[in-house]
Every structure is written in C-alpha cells, then in structure tokens.
Q: 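Sharing a structure below in structure tokens format, with a few things to ask.
Quick note: numbers below take in every heavy atom, side chains included, and nothing from hydrogens, waters or symmetry partners.
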Amino acid sequence: MSKLKEQVAEIIYNAVKESGYQISEIYLDKPKDEKFGDLSSNAAMTLAREFKLPPRKIAEEIISKIKTDDGFITKAEIAGAGFINFFLSDNCYKDELKNILSEGKNYGRSSVHSGQSANLEWVSANPTGPLHTGHGRQLCLGKAIANLLEWTGYKVTREYYYNDAGNQMNNLALSVRARYMQIFQKDFPFPEDGYVGDYVKIIAENIFAVYSDKMKDSADLDFFRKEGEKYTFDLIKKTLTGLGINHDIFFNESSLYENSEIEKTLEAFKSKGLSYEKDGAVWLKMDEEKGFQKDKVLVKSSGEPTYRLPDIAYHIDKIKRGYDLIIDIFGSDHGDTYKEVLYGVNALGYDSDKIKVIIHQMVTFKMGTESVKMSKRSDNVYYLEDLINDIGADAMQFFYVMRGANSHLDFDISLAKDKSEKNPVYYIQYAHARICGILRNAGEVFPSYAETDLTELNTEIISSPEEMKLLKILSDFPDEVISSAKTFEPHKIITYLNSVAENFHRFYHNNRVIDAENKELSISRIHICLAVKQILKNGFDIIGISAPERMY
RNA sequence: GCGCCCGUAGCUCAAUCGGAUAGAGCAACAGCCUUCUAAGCUGUAGGUUAGUGGUUCGAUUCCACUCGGGCGUACCA
C-alpha cells in the first residue's frame, strides 16, 4: 500500500475501534468517479453483515470519529449503500510530487518482498531453430514479470531450461546432415519431419566451408547435432540479448542425467509404488480423484524417458534450491502437462506451493483483417527477428504484453507497424518525447530550473484541474506496481501508463508550461513534467521498452 | 465425451478481495495547428457484459446449466 493509503487505513482502523467494532483488514479503493473522493472504504458494509446493522448507521458512527481539520483529510462522507468516501487535501499530492522527484528512478520500488528470492524460468526453447513469434508472448511477459518482481523487492534468478537431448535434437541432426549431403547429391532424401527452415541450409553450408567433404557419408550424427545446436542456440541468445534479456542460469537438462537425478527420481516413484511397468514402459499412476483421466508414461519402451521425468526432477531441483517463489511460464498448449509434473513433484513428498505456473493463451497474427498462417512444414514461420525488424522491438514488446495473459491475443502486425497515431505504443512514448521537447525549451528560457531545491519548489501555485488530476494519477504508480506484481500481470502497467499519457497530453493542451513572463509558474510546471517523465520512464523500464527523447 | 481458458461497444481489449452511472484504443461523425512536437486535444454516437436461473445490501466478477470459440486429452515437448 502506498503511504497515503496506509495513513487513511490507519485512521479508519482507529475510528472503527473507537466505535466499538472490530475489523481485521481495511480495504481502500480508488473510486472510478472523482465525485466519490480520493479513497473509498466499504468497511461499514463489511461490518454491517457481521453485526446485522444498517451499513449507513455504522458508517455514521465511524465517520464521527474521523478528524477533518488537520489538513490531511478534508472531508469524509457517506455515500450510496454505505461507502465512506475520503477527500484528501491537494497538499498530499503536492508533497508526493516532491517524493517522485527525489526518489527518481527508484520511485515505485517497494520492499514488500525484500529478503525473498524468486526464480523465473521462461523461454526455454529447444535449440532446434530460431525463436519465432509463437515464443514472443512468453518471452515478453517473462521479461516484464521478472522486472516487476524485482521492483517489489525479490531477488530474481532468471532461468532457461535447456534441453539438448531427445527426439527433436535428433531430428535437427538428421536435417542438418541431409542439407549437407544435398550439397553433393541434390536428391539426397530429407527426413519426413525434418526442420525445413533456411537456417538448416546455412548450418550445412558452414560445415561445408570448414570441413569440405570430410563429413560426407559420415554416420556421426552427434557431429551434426552439435553443429546445429551451436548455431541455433547462438541465434536464440542473440535475439534474447538484443531484447535485453539475460538469463542468469541456463539449466542443462543433461546435467540431470549426469548427476543421476533422473534415475533417483525414477527409483523414488518405484519404491513408493507410484509407478509400474507395462508393455515395456514405465507408467506413473495418476490419481483420478484429482481429475487425471489416465496414467502417464515416464519411460518409453525404448528406454528413453518422456519429458515428464526430467521435468519432475528439474522442479524438485528448483524446490531444493530454496526459492520463496518459483514461476514457470507456458503457453496454454501446455496447460495440462504442468499439472502432471506438479502431481509428480507432490507425489514424491515435495511441496509445490511455492510454484506458480503462468499460462498464457495463444496468439493470432493478423495483417489488418487477414490472418497470418504459419506452418513449420513449409518454413512459413514468422521468426521473432523478422517481427522485430518489421515493427521494432518496442512495439513488439508492447503488443505482446498489452493484454492479460488469460486473454487470447490478436496481434495486428499492420497496426503495430503503423508509424502513426493509430499505434497505441506511440501514444505513450510520444508523451515522453514531448516532455523532452519542453525540457529542451526550458533549458533555454529558464536554464536554472535544474538547480531548483525541491524544498523550495513552489507547489502552492499548482491549481488547475489538469495539474491536480495528473498529480493524483502519478501518485498511484507505487500501488500499480505492487498490484501488477502481485497478480503477475504487467498489462496493468501499460493500462496505467496509458492513463498517465492521456492526462499529460490533456495537461499540455490546457496549461502552457514555459511562460517567459511567469517564471514561478513555469518552474513548478516544469517539475510536473519532470515527474511525469520519471513515471513514464520507470514504467517503460518495467515493460522493457525505450523512452525516446524525440519522435519526428 | 472429458479437462483448462475465454465470451464485455462494429473491431481489439480494460474494469483494483463482489462495489457506486461498465471504460480505453481503432473504425464512424463534428470541431481545434501564426503559441513548448497535431504521433496531440475537444465533442458526438455506440452496451440486455453470450443466454437462463441462483447466492446478497450490491454480480462483468461467485455458483449451476445452456449456447459459442481456443487449447489440451501421445511411449512429442
């Protein structure tokens, strides 16, 4: 809770107590409509149910205990079914303006989770090809969520689960070898489910450039696998670092084999009687009462584990590392499988309470009204690098994060690409650029503004409705960060930034900032601009987009 | 069939533990540039929150059912 909220909550709490009631927690909402004040509490309605009294009567009792003459709360009134609405003095917000300016890039950071650690694992694409637009949503969501967690005090470990074994990698090896062989023999057969992307041909050409025909007819699939893995993983990492995403840990799945954790996990299932053998495979018994319909295979009859077994071992490993919060991000196509993994983790006696799985819905790409079809088979794949080249990294991240994860996302490429007022990302960035323009102007007219002592800043002069509305919105930022972080929903930050931009643009049109005739007013308005700029920048940092100084 | 998610303005989406008159952008219509960036602002229009019932002071939100869509329902990940 922000300081303002805390103070009001404290006042209500005491008033409730004085009135002879008891309440465990005070909820304060910011009403949608300004006429209902700055903060609103439903405490009286909650108590009404408990004490079987009319809510308005309780509200009256509470309100009579609240002081409104100390310059903090200017008015407290009962409205509607029994809401208690509080009107705060303008000075509260003017003081907050100074806080924003003095805390600067740290304004909005909180310590609600300080001392706690979080692990976020996401992207985790297999090194079989470049990242494509299907990876984009979780990539951008994860980046923003990791930042949000840090803003609320978590020490965050960013992790990538790296799977360099299994079917898909074999498939890559066969594909690379086929392309390599086709250099010598045009009709060399390409594997049925091979990777048809052009990058495979490039890998083959690179091999040819170094080894010439030495690997011709070689049965050494391992060689082709490693060449393919190295090249594709470099592509993946290049995309990630280009977006400012730097994982702290690349957890290699094969390490779970090397330290026998896979084996131990399998043994644990066996010894607890949770698995059995059938048709040459090892099956995990699933609990029907927990909604599972049938048993699942842990080890295939080929002797190779399915993804489940290492995944369970991996999650146990993460639990053992002692994080306070463990987050996985998956697309909805994995919506069932994570439940199986958690079931396995629990069945072995580990507590999965700290694991939070974020499932996001699928993304549909459109060019205007026309939907963009993708298919791996025909290499009709829209790679993330191409999307970035087409619309820019900022627009891409903005669009991916702009909606709640649980909503299906319609990604309109032509809109994102549009360098016009239609594009929502520019609306917000433009507010920042516009402020930078004003500040350039300020630097010429009142070059001394930068040396203003905040304690000397005249805030009395701030009075227009647009100014006050803007200050109120700005002071919401810390709460917005906390609430977005709490529910892991970075789109709330975008919704909020949009309202900041909207109120700034309105302020701009109605309040001339630089007025050579009125230095005092200009200086205070310049500081409002500085605060807006700071909030926008802090929000952009969380989402991970840039704060442009100019947009022409 | 079963499981998860979703259904809100013409389109894409918001809506703070269940709160007050359900909000933005795009599209449409009407205005605003000798003044700090018009990538902007102002106004108009647009809704039985898919439907039916239930829970209560109050339901877009919770419950049940129906209809419609997405994703799963592999010895792929």
Q: Rounded to the nearest Å, what distance is computed from the CZ atom of residue A:Phe330 to the P atom of nucleotide B:rG72?
A: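 In whole Å, B:rG72 P lies 15 Å from A:Phe330 CZ.
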Q: Could you tell me how far B:rG46 sits from B:rC13 if I compare only their C1' atoms? Round to whole Å.
A: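 Pairwise C1' distance, B:rC13 against B:rG46, rounds to 16 Å.
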Q: Using modelled atom types only, decide if a donor and an acceptor are shared between the side chain of A:Asn346 and the backbone of A:Leu342 within a distance under 3.5 Å.
A: yes
Q: Short question: side chain of A:Thr232, backbone of A:Pro127 - any donor-acceptor pair under 3.5 Å?
A: yes
Q: When the P atoms of B:rU44 and B:rA59 are compared, how many Å lie between them, rounded to an integer?
A: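 Roughly 29 Å separates the two P atoms.
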Q: Taking the same atom, P, in B:rC63 and in B:rG70, what whole-Å distance lies between them?
A: 24 Å
Q: Look at the side chain of A:Ile438 and decide which nucleotide, out of B:rA77, B:rC41, B:rC36, has an atom nearest to it.
A: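 Shortest atom-to-atom distance from the side chain points to B:rC36.
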Q: Tell me the interatomic distance from A:Ile413, atom CD1, to B:rC11, atom C1', rounded to whole angstroms.
A: 17 Å
Q: Pick base, sugar-phosphate or nothing for A:Asp279, based on heavy-atom distances below 4.0 Å to the nucleic acid.
A: base
Q: Across the strands shown, which category fits A:Glu288 at heavy-atom distances under 4.0 angstrom: base, sugar-phosphate, nothing?
A: nothing
Q: For A:His135 and B:rA77, what is the distance between atoms NE2 and P respectively, to the nearest whole Å?
A: 15 Å
Q: Report the residue (A:Asn510 or A:Asp295) whose heavy-atom-nearest nucleotide on RNA chain B is the more 5′ of the two.
A: A:Asn510
Q: In whole Å, I'd like the distance from the CD atom of A:Glu502 to the C1' atom of B:rG23.
A: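 Atom-to-atom, A:Glu502 to B:rG23, this comes out as 10 Å.
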Q: Quick one: does A:Ser301 reach the base of B:rC75 with a side-chain donor-acceptor pair under 3.5 Å?
A: yes
Q: Please name all residues satisfying ring pair (Phe, Tyr, Trp, His ring centres under 6.0 Å) with A:Phe269, sequence neighbours left out, ordered by chain then number.
A: none
Q: For nucleotides B:rU73 and B:rC26, find the distance between their C1' atoms and express it as a whole number of Å.
A: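 Going atom to atom, C1' in each nucleotide, I get 38 Å.
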Q: Is the A:Tyr161-A:Phe250 ring centre distance short of 6.0 angstrom?
A: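 Between A:Tyr161 and A:Phe250, the centre distance exceeds or equals 6.0 Å.
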Q: Using ring centroids (six-membered ring only for Trp), state whether A:Tyr162 and A:Phe251 fall under 6.0 Å.
A: no
Q: Separation of A:Asn163 atom CG from B:rC76 atom C1', in whole Å?
A: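 Checked: the CG to C1' distance equals 11 Å.
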Q: If we take the P atom in both B:rU55 and B:rU8, what is their distance in whole Å?
A: 27 Å
Q: Applying a 4.0 Å non-hydrogen cut-off, can you work out what A:Thr487 is touching in the nucleic acid: base, sugar-phosphate, or nothing?
A: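 A:Thr487: no heavy atom of the nucleic acid under 4.0 Å.
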Q: Compare every heavy atom of A:Cys529 with every heavy atom of A:Ile438, then report the nearest pair and how far apart it is.
A: CD1-SG, 4.3 Å
Q: Under 4.0 Å between any heavy atoms, over every strand shown, what does A:Gln168 touch: base, sugar-phosphate, or nothing? Just pick one.
A: sugar-phosphate
Q: When you measure from the side chain of A:Asn441, which nucleotide among B:rC36, B:rA77, B:rU73 comes out closest?
A: B:rC36
Q: Can you measure A:Phe292 atom CZ to B:rC4 atom P for me and round it to whole angstrom units?
A: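 So the two atoms are 11 Å apart, to the nearest Å.
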Q: Roughly, in whole Å, what's the span from NZ in A:Lys296 to P in B:rA77?
A: 12 Å
Q: Look at the side chain of A:Trp283 and the backbone N and O of A:Lys278, then say whether any donor-acceptor pair between them is shorter than 3.5 Å.
A: yes
Q: State whether A:Tyr427 places a side-chain N or O below 4.0 Å from either non-bridging phosphate oxygen (OP1 or OP2) of B:rC26.
A: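 No, because none of the side-chain N or O atoms of A:Tyr427 sits under 4.0 Å from OP1 or OP2 of B:rC26.
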Q: Which is true for A:Arg308 with a 4.0 Å heavy-atom rule: it touches a base, it touches only sugar-phosphate, or it touches nothing?
A: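 The answer is nothing, as A:Arg308 stays clear of every strand by at least 4.0 Å.
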Q: Is there side-chain contact between A:Lys5 and A:Lys30, with heavy atoms separated by less than 4.5 Å?
A: no
Q: Answer syn or anti for B:rC33, where the cut-off is 90° from 0 on the glycosidic torsion.
A: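 Syn, which is what one calls it when the glycosidic angle falls within 90° of 0.
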Q: What string of B, S and - do you get for nucleotides 12-20 of chain B, 5' to 3', if B is base contact, S is sugar-phosphate-only contact and - is no contact with any protein heavy atom under 4.0 Å?
A: BSSSBB-BB
Q: Is A:Asp279 reaching over with its side chain to a backbone N or O of A:Ala281, donor-acceptor style, under 3.5 angstrom?
A: no
Q: Side chain of A:Arg434 only, heavy atoms from C-beta on: which candidate in B:rG72, B:rG40, B:rC5 is closest?
A: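 Per side-chain heavy atoms of A:Arg434, the pick is B:rG40.
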Q: Measure from the side chain of A:Met551, starting at C-beta and using heavy atoms only, and say which of B:rC75, B:rC76, B:rA39 lies closest.
A: B:rA39
Q: Could you pull out the closest heavy-atom pair between A:Ala144 and A:Pro490, with the gap in Å?
A: CB-CB, 3.6 Å
Q: Look at all strands and tell whether A:Ala431 reaches a base, only sugar-phosphate, or nothing, counting heavy atoms closer than 4.0 Å.
A: nothing
Q: So, is the end of the A:Arg434 side chain (NZ or CZ) under 6.0 Å from the ring centre of A:Phe504 and within 45° of the ring's axis?
A: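 That pair does not qualify as a cation-pi contact.
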Q: With RNA chain B as reference, determine whether A:His509 or A:Lys339 sits nearer its 5' end, using the nearest nucleotide of each.
A: A:Lys339
Q: Look at the side chain of A:Lys300 and decide which nucleotide, out of B:rG72, B:rC36, B:rC75, has an atom nearest to it.
A: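 Minimum distance to the A:Lys300 side chain belongs to B:rC75.
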Q: Using the ring centroid of each side chain, check whether A:Phe330 and A:His360 are separated by less than 6.0 Å.
A: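 Here the rings of A:His360 and A:Phe330 have centres that are no less than 6.0 Å from each other.
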Q: For RNA chain B, report each stem as range with range, ordered by first number, or say none. Use Watson-Crick or G-U wobble pairs under 3.5 Å, at least 3 in a row.
A: B:1-7 with B:67-73, B:10-13 with B:23-26, B:28-32 with B:40-44, B:50-54 with B:62-66
Q: Take atom CZ of A:Phe504 and atom C1' of B:rA39, then tell me their distance rounded to the nearest Å.
A: 13 Å
